[in-house]
2 protein chains.
Amino acid sequence: MSDTNLKSLALGTYTKLMRAAESATNRTSKVMTAAGLTISQFGVLEALYHKGPLCQRDIAAKILKSTGNITLVIDNLEKNGLVRRERDSEDRRFLTVHLTEAGTGLIAKVFADVEAAIVADLATLTAEEQETLGRLCKKLGLKGAA
Amino acid sequence: MSDTNLKSLALGTYTKLMRAAESATNRTSKVMTAAGLTISQFGVLEALYHKGPLCQRDIAAKILKSTGNITLVIDNLEKNGLVRRERDSEDRRFLTVHLTEAGTGLIAKVFADVEAAIVADLATLTAEEQETLGRLCKKLGLKGAA
DNA sequence: GGTGATTAGTTTAATATCAAACGATATGAT
DNA sequence: ATCATATCGTTTGATATTAAACTAATCACC
């Protein structure tokens, strides 16, 4: 294949990948905003829901955002009564973030809805196609980790 | 396949798709920020570069952002001397946005660099794999258009 | 024990982003 | 001609996001 064709193939593939990711994101984020959560807020609640109480640094690492950003997101979640901060008595630099009862109830429901949206979305592809897509995406994504 | 397995396959595929898109975005956005452009600014310049002068509404539609957002992005591009606004004499509601000479020079260079980054990135996959990935992504993305 | 480096979290300044309200302009129906 | 409606762009208020400067607390090493 010529360089020109390789280039246009790569650019086309990239565009399609981006569009697919964007359209999938659109559908899941609709579920989140319908529940009054931003994408980041959902990410924080989901991390706490599946990993238990975490300090802000760990939350930032989990959802790939800066610690400064997490400060604000937790502020807003705290205002809405979904999480609470607790100063660690061992090492007073740490704030451990806990889900409140309201937070647990909300994320349980919204997470299930988001999962359902994803499953419905991916149902466009057969199981075999999903496996292939996953394998190729993984190969591509791995490069980023390096 | 059981419902449980279908679900975990779909969720895993979704995660991999998101990670691949994110890692590809990270690499292209590095090129843009290195040139002093935000992703949105790049999007606006690229639209003008390939489509010629456009009104703000069309730019918003092209890069899938709100018109309110475009107002700010154009403000910043104008401050940096990369674009200029021109009031349409036919219909004075419209502002046509033009690339300046500096803007044209910058986007030509940055666009080429971004393309090169994408091509390098996608080179992780063979031509056949790229075609398969593109086909599956397109199938998935199309659902969003509906 | 004290000092220097490190770490956790906050704050600040800049940009992004949307939805909704708004102002100016144009169009259409009567 | 006039008034209602629609359209383009701006503004506003809220949240997101980062990088960088900063504070508070801890740790490591001598």
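In what follows, every chain begins at residue 1, and chains take the letters A, B, ... in the order their sequences are listed.
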Inset, instruction - Measure from the side chain of A/Thr67, starting at C-beta and using heavy atoms only, and say which of D/dG9, C/dG9, D/dT7 lies closest. - result: C/dG9
Inset, instruction - For the side chain of B/Ser66, starting at C-beta, report the closest nucleotide among D/dT11, C/dC18, C/dG9. - result: C/dC18
Inset, instruction - Using only heavy-atom distances, decide whether a donor-acceptor pair under 3.5 angstrom links the side-chain of B/Arg92 to the base of C/dT25. - result: no
Measure from [atom1] on [X] to [atom2] on [N] and round the result to the nearest Å.
{"X": "A/Met32", "N": "D/dT15", "atom1": "CE", "atom2": "P", "result": "18 Å"}
{"X": "B/Arg87", "N": "C/dT25", "atom1": "CZ", "atom2": "P", "result": "8 Å"}
{"X": "A/Leu95", "N": "D/dA24", "atom1": "CG", "atom2": "C1'", "result": "11 Å"}
{"X": "A/Arg93", "N": "D/dA25", "atom1": "CZ", "atom2": "C1'", "result": "6 Å"}
{"X": "B/Lys65", "N": "D/dA16", "atom1": "NZ", "atom2": "P", "result": "17 Å"}
{"X": "B/Asp91", "N": "C/dT27", "atom1": "CG", "atom2": "C1'", "result": "10 Å"}
{"X": "A/Asp88", "N": "C/dG9", "atom1": "CG", "atom2": "C1'", "result": "13 Å"}
{"X": "A/Leu37", "N": "D/dA14", "atom1": "CG", "atom2": "P", "result": "19 Å"}

Inset, instruction - Taking atom CZ of B/Arg57 as the centre, report whether more than 12 heavy atoms of other residues, nucleotides or ligands fall under 6.0 Å from it. - result: no
Legend entry - 5'-most by nearest nucleotide on DNA chain D - B/Asn69 or A/Gln41: B/Asn69
Legend entry - 5'-most by nearest nucleotide on DNA chain D - A/Asn76 or A/Glu90: A/Asn76
By the 4.0 Å heavy-atom rule, please label [X] as base, sugar-phosphate, or nothing.
{"X": "A/Ile39", "result": "nothing"}
{"X": "A/Leu64", "result": "sugar-phosphate"}
{"X": "A/Ile70", "result": "nothing"}

Legend entry - Min side-chain heavy-atom separation B/Glu129-A/Lys139 under 4.5 Å: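 In contact.
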OP1 or OP2 of [N] under 4.0 Å from side-chain N/O of [X]:
{"X": "B/Arg85", "N": "D/dT10", "answer": "yes"}
{"X": "B/Arg57", "N": "D/dC8", "answer": "yes"}
{"X": "A/Thr38", "N": "D/dA16", "answer": "yes"}

Inset, instruction - Please work out which of the three classes, parallel, tilted or perpendicular, describes the rings of A/His50 and A/Phe111, given edges at 30° and 60°. - result: perpendicular
Legend entry - Minimal non-hydrogen separation, A/Ala47 against A/Lys62, with atom names: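 In this case the closest contact between A/Ala47 and A/Lys62 is CB-CG, 3.8 Å.
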Inset, instruction - Decide side chain to side chain donor-acceptor pair (under 3.5 Å) for A/Ser23 and A/Arg19; before the verdict, give the C-alpha distance in whole Å, the side-chain angles of both, and the deciding distance to 0.1 Å. - result: CA-CA 6 Å; A/Ser23 99; A/Arg19 295 226 173 107; over 6 Å; no
